[in-house]
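See structure below.
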Amino acid sequence: MKADIRVALVGNPNTGKSTLFNTLTGLNQKIGNFPGVTVDKKTGYCTLPDGRTAEIIDLPGTYSIYPKSQDESIVFSILADKSNPLTPDLVVVILDASNLKRNLLLYTQVADLKIPVIIALNMIDVSNKAGININIPLFAKKLGVPVVPISARRVEGIDKLKEAISFSNKIALQESSIDIDAIAPQLIAQLSKELKLDNPYYALQLAHQHETIKFISASESERIEELEKEFSFHSQKAQGAETIARYSFINELLYDTVKIPETAKDETLSNKIDKVLTHKIFGLIIFLGILLFMFQSIFAWSAYPMELIADLFVWIQSTLHNILPAGPLTGLLVDGVIGGLSGVMVFIPQIAILFAFISILEDTGYMSRVTFMMDKLMRKVGLNGKSVVPLIGGFACAVPSIMSTRTIENWKDRMITIMVTPLVTCSARLPIYVLLISLVVPNRNVWWVFNMQGLALTGMYVFSLISAIVVAFAFKLVLKGRERGYFIMELPVYRMPRWNNVAFSMYDRAKTFVLQAGKVIIAVSVILWVLASYGPGDRFERIEQKYRQPQYTRHLNADELSKAIGSEKLENSYAGVLGHVIEPVIRPLGFDWKIGIALITSFAAREVFVGTMATIYSVEGSAEKMESVQQKMKTATDPQTGRPVFSLAVAFSLMMFYAFAMQCASTVAVVYRETKNWKWPAIQFAYMTVLAYAASLLAYNLLK
């Protein structure tokens, strides 16, 4: 889509910047990467009142344009590099109206870059409720920029903000907030002369950041280095002097324009709630209670819609078998593609419920408290609180969680976090756990409240967190690093969740799960169906001849005969041959060759396990009697012992294997991309595979 104006959203974390982005763009947005780095780039479009289209770029949240991480370095690069195709025509700086003093530091820096600016004074409803009186006309006059009061959560003032964007100036009219030249007069003058710069603050930023920014040449960077030495420029002292000057300006501005009542300075409701929810003992108990409620609900609330989806796919398969002529293409479509997809699509309700809970916890501000509580525990295993964000994010997906480790400056902390994040139970493991737990754990309550299946699922999630912490401690002893990490985090005030945001999160995550998992499952299902439907040599012909003999045709009815032929053909197919090759390795874990095939295919993505089992049992089953994958696996028996294939020991052995094994090609790829070395994903794959085998072996031998 071609845009008439490009607008960048800039703000501190927790100012509602992403909420405003979602409000402006709605569903008309996409996520990519900023050029040259692997930082997420969120862009979207909105229509302005004058009919023009605005491209909206959501820049990473930052407290200052002096970067402390790769995410934060993006902000200055985009705003200052005029040759960058993403350089905005206009910057909307989002300020938290209830916390202006902290927010205004970033505004003054951006404004001094001399880019057209509009201030979106967000959370104006919160500041009004607290009795904070902001003289907005005077505030705007002193800054020399338009100021629009809004509430992004309540969608208030958004139309006025769009109008302000429509009528924005093409040149910056704001006055400099401080005397930039006074900070390093000789250096700024010389840089401006040699590099032909007309903005003293731009020259000062080049002096600070010339070693890390990519839009100046190596020779220019070397020259800046020479000038710094010539004029005895000390970056940290200059930055300190600048910050003091900026806060002096901010204090004067707020003294003239903002009146805060004495009652607003009293202890807030959020602080009172935090005394309970972040208590060193009760806080963790409450967190475990919330987890338990989440996973109880996932089982209880999803049962009916899962049953409907399973019945729908059974009906579709049965109908297509009756309508379409028998043959390879019908088998490929019905037993391969649809059979494989049915095994995973049935878990959409549980995925949606999981992400609904995650969205609610994030929206209310509680997830930040979990990060705060885990900080002390993380420090004991050699990490800091910044590592908690990727670990908690791992409940959703390891890939973006590993990418979020860029905010961890300490190399050792970052590497340990990357190495252990895939151990946290992600949404791809959820279908596997739910399927296996539903097969072997009774669906009944303990103490009239707790469902046994929900308790088992909660146990797997808690076990994954404990495993990650233990392995992190082991890596702490192995990896060497002298840097000391630090953790600074602002706890947002508690708010009611935005239910439309929760609904959007459920839809978006379920859609992503279906599209990403669906592509892999269709590809794997087609290949697997071919491998399971054809065999080497004339094995299939000999099997058909065998079952034409009288001792089989007399004693077996048509359904039993079809099942016997299908089972023996599957065992002699290419997939069966491959499964029997690896069976000696996995038999000590309680797995048969069919499970072995699923283990191999799910190295592409964990959730493929369910689709693989569905395809295998569809190929083996009868076309006249279609069943869901759960029903097929529940009735599956070992031909040697006659016992169920999926016993308690086998199910928990399998869950232990999936709890530890690195079965996600995307995670391997992102670990390489983040570490720039194949050594780390290789080490990660090796240690997780060894742990998976050992844990699985132990679980099977304890429970069999």
Report the C-alpha separation of Tyr63 and Leu105 in whole Å, then their side-chain angles, then the decisive distance to 0.1 Å, and conclude whether the side chain to side chain contact (heavy atoms under 4.5 Å, CB included) test is met. CA-CA 8 Å; Tyr63 292 104; Leu105 175 65; over 6 Å; no
Could you go step by step and tell me if Leu227 and Glu194 meet the side chain to side chain contact (heavy atoms under 4.5 Å, CB included) rule? CA-CA 11 Å; Leu227 291 173; Glu194 293 191 16; 4.2 Å; yes
If you apply the rule side chain to side chain contact (heavy atoms under 4.5 Å, CB included), what do you find for Tyr202 with Leu191, and how did you get there? CA-CA 10 Å; Tyr202 186 84; Leu191 277 177; over 6 Å; no
Going through the checks in order, is the side chain to side chain donor-acceptor pair (under 3.5 Å) test met by Tyr494 and Arg369? CA-CA 10 Å; Tyr494 288 104; Arg369 273 73 183 178; 3.2 Å; yes
Given the rule in the side chain to side chain contact (heavy atoms under 4.5 Å, CB included) test, do Tyr366 and Val370 qualify, once you have shown the distances and angles that lead to the verdict? CA-CA 7 Å; Tyr366 179 72; Val370 174; 3.4 Å; yes
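Under 3.5 Å, the side chains of Ser177 and Asp112 contain a donor-acceptor pair of N or O atoms. No side-chain donor from either of Arg495 and Thr364 sits under 3.5 Å from a side-chain acceptor of the other. Side chain to side chain, Tyr66 and Gln109 fail the donor-acceptor criterion of an N or O pair below 3.5 Å. Defined by atom type and a distance below 3.5 Å, a donor-acceptor pair is missing between the side-chain atoms of Lys162 and Thr47.
Between Ile171 and Pro116, the closest heavy-atom pair is C-CG, 3.8 Å. Nearest approach of Ile224 to Ala207, heavy atoms of both residues: CG2-CA, 3.9 Å. Nearest heavy atom pair, residue Val75 against residue Ile65, reads CG1-CG2, 4.4 Å. Nearest heavy atom pair, residue Ala164 against residue Val148, reads CB-CG2, 3.8 Å. Here the closest heavy-atom approach between residue Pro422 and residue Ala398 is recorded as CA-CB, 4.2 Å. Considering every non-hydrogen atom in both Ile188 and Asp181, the closest pair reads CG2-OD1, 3.5 Å.
Between Ile5 and Glu55, the closest side-chain pair of non-hydrogen atoms is not below 4.5 Å. Under the 4.5 Å side-chain criterion, counting only non-hydrogen atoms from C-beta, Ile158 is in contact with Leu20. Side-chain contact check for Val117 versus Leu90: every heavy-atom pair is 4.5 Å or farther apart. Looking at heavy atoms from C-beta onward, Tyr247 lies in side-chain contact with Thr243 at the 4.5 angstrom threshold. Counting heavy atoms from C-beta outward, Tyr45 and Thr25 have side chains that stay 4.5 Å or more apart. Put simply, the side chain of Ile418 reaches to within 4.5 Å of the side chain of Thr675, judged on heavy atoms. Residues Ile360 and Trp499 have side chains in contact (heavy-atom distance under 4.5 Å, counting atoms from C-beta outward). You'll find the side chain of Ile118 stays beyond 4.5 Å of the side chain of Val93, heavy atoms only.
Side-chain N or O atoms of Ser248 include none that pairs as donor or acceptor with a backbone N or O of Ile244 at under 3.5 Å. Formation of a donor-acceptor pair under 3.5 Å by the Glu220 side chain with backbone atoms of Ser217 is found in this model. A distance-only check finds no donor-acceptor pair linking the side chain of Asp58 to the backbone of Phe21 [under 3.5 Å]. Checked by atom type and distance alone, the side chain of Asn103 pairs as donor or acceptor with a backbone atom of Asn99 at under 3.5 Å. Of the possible polar contacts, none joining the Asp363 side chain to the Ser359 backbone as a donor-acceptor pair under 3.5 Å is found. In this structure, Ser168 contributes its side chain and Ile165 its backbone to a donor-acceptor pair below 3.5 Å. For Gln174 (side chain) and Ile115 (main-chain N/O), a donor-acceptor pair under 3.5 Å exists by modelled atom type. Within the 3.5 Å criterion, the main-chain N or O of Leu253 finds a donor-acceptor partner in the side chain of Thr257.
Under the 6.0 Å distance and 45° angle rule, Lys259 counts as a cation-pi partner of Tyr255. Taking the ring centre of Tyr201 as origin, the terminal cationic atom of Arg246 falls inside the region bounded by 6.0 Å and 45° from the ring axis.
Looking at Arg154 and Asp125, a side-chain N of the basic residue comes within less than 4.0 Å of a carboxylate O on the acidic one, giving a salt bridge. Taking 4.0 Å as the cut-off between side-chain N and carboxylate O, Glu674 and Arg414 count as a salt-bridged pair. Taking 4.0 Å as the cut-off between side-chain N and carboxylate O, Arg223 and Glu226 count as a salt-bridged pair.
The line from CG of Leu106 to OG1 of Thr15 is 9.0 Å long, rounded to the nearest 0.5 Å. For the atom pair CD of Gln209 and OG of Ser235, the computed distance is 8.5 Å after rounding to the nearest 0.5 Å. The CG atom of Asp96 sits 8.0 Å away from the OG atom of Ser127 when rounded to the nearest 0.5 Å. The structure places CD of Glu228 at 6.5 Å from CG of Leu187, a figure rounded to the nearest 0.5 Å. Rounding to the nearest 0.5 Å places CG of Asn14 at 11.5 Å from CG of Asn122. Put simply, CD1 on Ile180 and CD on Glu242 are 5.5 Å apart, with the number rounded to the nearest 0.5 Å.
Exactly one residue among Leu59, Val91, Ile56 makes a side chain to side chain contact (heavy atoms under 4.5 Å, CB included) with Leu9. That residue is Ile56.
In this structure, Glu225 places its CD atom where more than 12 heavy-atom neighbours from other residues, nucleotides or ligands lie under 6.0 Å away. Around the CG atom of Asp179, the shell of radius 6.0 Å holds more than 12 heavy atoms that belong to other residues, nucleotides or ligands. For NZ of Lys160, the number of neighbouring non-hydrogen atoms (other residues, nucleotides, ligands) closer than 6.0 Å is 12 at most.
Here His208 and Phe76 keep their ring centres 6.0 angstrom or further from each other.
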